[in-house]
S.K.: 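Before I ask anything, let me first share the structure, which is written out below as structure tokens.
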Amino acid sequence: EPEVTQTPSHQVTQMGQEVILRCVPISNHLYFYWYRQILGQKVEFLVSFYNNEISEKSEIFDDQFSVERPDGSNFTLKIRSTKLEDSAMYFCASRGLADYNEQFFGPGTRLTVL
Amino acid sequence: GDSVTQMEGPVTLSEEAFLTINCTYTATGYPSLFWYVQYPGEGLQLLLKATKADDKGSNKGFEATYRKETTSFHLEKGSVQVSDSAVYFCALSDRRGSQGNLIFGKGTKLSVKP
């Protein structure tokens, strides 16, 4: 069964460093998403991506964040200069073309900023 | 803005007990409603969904009915198993011009004891 994969499973970084979180969505999906969950809090929407551009983003997704689909299979989330409060679980998701199809989620990357 | 409120966990039940996890929502439009489940070490999986008022979603013995009058989507199961131990997330997707971005509740951790 096709699945969304994410790497790494756990990333530890120093404050101020850049991190790139990687996701491989399901191959025939066209909509891509990043969500995050700070420990003990809600899963929060960050950004959606369609047709090689951001289609929607939340207030959390400021200038420190960027997304890219560099090669037609990977979907990356970059944080330019990490802050302590960026420590969270980051989930990638993808879905097919039809409206309100199920979003398929990856297992998440736990980001720890020291 | 739109929001989802779930009952606080953790919830601990004995095998074969009846489960209810309450979920209420606030939305200005007519959202689709979802329950996602996260098993330990895995990503979020869609458990069930309902796209309009009075729809009942069901899967693996779990049920939830979209109640517009009470803005609720409570999750129920008649007889839980140890394998149901997981974190359950209620979510909505607002149809108004979005890419189907999901708004999640905080999640409810369920532990089922043999």
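In what follows, every heavy atom counts, from backbone to side chain, and hydrogens, waters and symmetry copies are set aside. Throughout, protein chains are lettered first and strands after them, A, B, ... in sequence-line order, and every chain is numbered starting at 1.
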S.K.: Determine whether A/F45 and A/F65 fall in the same hydrophobic cluster, where Ile, Leu, Val, Met, Phe, Trp and Tyr are linked whenever their side-chain heavy atoms lie under 4.5 Å apart.
M.R.: no

S.K.: Determine whether a donor-acceptor pair (N or O, by modelled atom type, separation under 3.5 Å) exists between the side chain of A/Y35 and the backbone of B/L102.
M.R.: yes

S.K.: Got a sec: does the CG of A/D71 have more than 12 other heavy atoms crowding it under 6.0 Å?
M.R.: yes

S.K.: Which atoms form the tightest heavy-atom contact between B/F89 and A/V43, and what is the distance?
M.R.: CE2-CG2, 3.7 Å

S.K.: Please check if the number of heavy atoms outside B/E42 that lie under 6.0 Å from its CD is greater than 12.
M.R.: yes

S.K.: Out of B/I103, B/V4, B/L46, return the one with the most heavy atom pairs under 4.5 angstrom to chain A.
M.R.: B/L46

S.K.: For residues A/Y33 and B/N101, determine if any side-chain heavy atom of one lies less than 4.5 Å from a side-chain heavy atom of the other.
M.R.: yes

S.K.: Would you find more than 12 non-hydrogen atoms of other residues, nucleotides or ligands less than 6.0 Å from A/L39 atom CG?
M.R.: no

S.K.: Chain A heavy atoms under 4.5 Å from B/Q6: which part of the residue, side chain, backbone, both or neither?
M.R.: neither

S.K.: How about CZ on A/R69, more than 12 heavy atoms from neighbouring residues, nucleotides or ligands closer than 6.0 Å, or not?
M.R.: yes

S.K.: To the nearest 0.5 Å, what is the distance between CZ (B/F104) and CZ (A/F91)?
M.R.: 8.5 Å

S.K.: More than 12 heavy atoms of other residues, nucleotides or ligands under 6.0 Å from NZ of B/K109: is that the case?
M.R.: no

S.K.: Quick check: closest heavy atoms across A/Q37 and B/K106, and the distance to 0.1 Å?
M.R.: NE2-O, 4.2 Å

